[in-house]
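Read through the structure below, which is laid out as structure tokens, and then see the notes.
In the text below, chain A, chain B and the rest are named by the order of the sequence lines, each starting its count at 1. We use all heavy atoms of the structure for the numbers below, so side chains are in, but hydrogens, waters and symmetry mates are not.
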Amino acid sequence: MKKLPLSFYQRDDVLQIATELLGKILVTKWKGIITSGRIVECEAYDGVIDRASHAFAGRRTARNEIMYAEAGSAYVYICYGIHHLFNVVTNKKDIPHAILIRALEPLQGINEMLRRRKKTQLDNLLTKGPGSLSVALGINVGHNGISLRSPELFIADDGFISENKNIGCSSRIGVESAGEAAKYPYRFYIRGNPYVSGSPK
DNA sequence: GAGTAGATCCTCT
DNA sequence: GAGGATCTACTCA
């Protein structure tokens with residue numbers, strides 16, 4: 001299992017990167033405690049031309065500044081006052097592409113994830129949905145801007161065979177008010193995986 | 001099992 | 001002052 005190189009994140013095609021992120025492993029290691037999960041669902045946000053993106057039309061504020069930073073950074077922000085959403089920043093500096101990680105399949109540290117989620121038994125809701133997986137992996141806004149190749153938080157490839165992914169594609173979730181952009185087929189997921197959020201298609 | 005409402009607070013207008 | 005890249009519990013069937 002090895003960390004993804006920066007060149008993985010620095011490419012132009014955010015949709016391509018999003019599909020390739022499926023099957024990769026997101027790992028956090030806070031205070032020596034490792035938790036990890038395989039990425040089974042994500043959504044691409046296509047920078048300034050995507051109305052659903054925080055950076056639509058070049059908006060640049062203190063909150064979304066990280067979207068304009070170097071590829072391979074983590075963009076974490078709070079939604080609805082409660083949920084911490086974890087994004088991967090891609091493309092070159094000053095091009096605000098990002099990919100929202102929406103669901104994981106738990107791998108390591110399941111007991112710790114259960115404790116963080118205040119659950120007693122593993123079910124397929126543990127890391128389903130962007131707010132839930134952030135809690136399970138211990139991610140919060142304090143991690144905004146850190147590198148995805150740091151010792152505490154990184155994305156790795158364990159050789160998951162891409163041909164077996166069986167990738168599904170649909171419109172994004174929770175962006176109904178974004179007009180035309182709400183219809184873009186920018187959500188990608190692994191078909192049949194029980195940890196994918198929303199209704200399976 | 002499906003549908004709905006409430007939680008809760010930071011950010012930008 | 002409004003609204004948001006959501007989750008959960010509760011109702012009803």
Side-chain angles (χ1 to χ4, degrees), chain A residues 9 14-15 17-19 21-22 26 37 39-69 71 73-91 95-106 113-145 148 155 168-190 193-201:
Chain A
Y9 305 103
V14 68
L15 300 179
I17 298 172
T19 60
L21 270 179
L22 293 176
L26 175 60
I39 297 170
V40 297
E41 181 183 359
C42 61
E43 289 178 0
Y45 285 84
D46 194 11
V48 298
I49 60 170
D50 184 349
R51 191 164 157 190
S53 168
H54 292 162
F56 174 65
R59 278 201 297 259
R60 185 164 184 164
T61 65
R63 181 177 69 156
N64 69 15
E65 181 65 27
I66 294 300
M67 295 183 79
Y68 292 84
S73 302
Y75 173 42
V76 184
Y77 76 99
I78 293 179
C79 184
Y80 295 101
I82 308 171
H83 306 293
H84 298 254
L85 272 57
F86 174 76
N87 296 253
V88 174
V89 176
T90 69
N91 212 315
I95 301 181
H97 286 182
I99 299 169
L100 170 68
I101 307 302
R102 289 192 55 87
L104 301 175
E105 176 182 337
M113 291 194 262
L114 289 171
R115 193 183 63 73
R116 288 174 184 154
R117 296 269 286 122
K118 299 182 171 33
K119 295 167 81 76
T120 53
Q121 202 173 348
L122 176 63
D123 61 21
N124 57 20
L125 299 177
L126 181 64
T127 50
K128 179 194 291 226
S132 300
L133 76 87
S134 295
V135 173
L137 291 186
I139 295 170
N140 61 59
V141 288
H143 306 123
N144 191 33
L148 296 174
I155 297 178
C169 177
S170 80
S171 55
R172 291 172 292 186
I173 293 176
V175 296
E176 292 79 7
S177 59
E180 269 302 302
K183 303 184 190 126
Y184 296 168
Y186 284 1
R187 170 174 171 253
F188 304 98
Y189 55 93
I190 297 180
N193 188 291
Y195 293 95
V196 172
S197 69
S199 53
K201 291 197 179 76

Exercise: identify the closest heavy-atom pair between A74(A) and N144(A): O-OD1, 3.5 Å

Distance below 4.0 Å between R63(A) side-chain N/O and dC9(B) OP1 or OP2: no

Rounded distance in Å - CG (L85(A)) to C1' (dC10(B)): 13 Å

Pair R102(A) + E43(A), salt bridge at N-O below 4.0 Å: yes

Sugar-phosphate only, base, or nothing, as touched by I82(A) at under 4.0 Å among non-hydrogen atoms: base

For atom CD1 of I78(A) and atom P of dC7(C), their distance in whole Å: 14 Å

Nearest non-hydrogen partners of H84(A) and V76(A), listed with the distance: CB-CG1, 4.3 Å

For atom CZ of F86(A) and atom P of dT6(C), their distance in whole Å: 17 Å

Nucleotide of dT11(B), dT6(C), dA5(C) approaching I173(A) most closely (side-chain heavy atoms): dT6(C)

Sugar-phosphate only, base, or nothing, as touched by R51(A) at under 4.0 Å among non-hydrogen atoms: nothing

Centroid separation F86(A) to H143(A) less than 6.0 Å: no

Ring pair (Phe, Tyr, Trp, His ring centres under 6.0 Å) contacts in which one or both residues fall within residues 114-134 of chain A, not counting sequence neighbours: none

N/O donor-acceptor pair, side chain H83(A) with base dA5(C), under 3.5 angstrom: no

Salt bridge (charged side-chain N to carboxylate O under 4.0 Å, His left out) evaluation trace for R60(A) with E65(A): CA-CA 6 Å; R60(A) 185 164 184 164; E65(A) 181 65 27; 2.8 Å; yes

Every protein N/O within reach of nucleotides 10-12 of chain C N/O, cut-off under 3.5 Å:
none

Protein-nucleotide distance (L126(A), atom CG; dT8(C), atom P), rounded to Å: 10 Å

Base paired to dG4(C) (Watson-Crick or G-U; both N/O distances under 3.5 angstrom): dC9(B)

Nearest-angstrom distance from the residue atom CD of E41(A) to P of dC7(C): 9 Å

Salt-bridge present (R51(A), D46(A); N to O < 4.0 Å): no

Nearest-Å distance for atom pair CG/P, residues N64(A) and dA5(C): 12 Å

d(CZ, F56(A); P, dT11(B)) in whole Å: 22 Å

Stacking check Y80(A) vs dA7(B) (5.5 Å / 30 deg): no

Interatomic distance, R60(A) CZ vs dT11(B) C1' [rounded to whole Å]: 17 Å

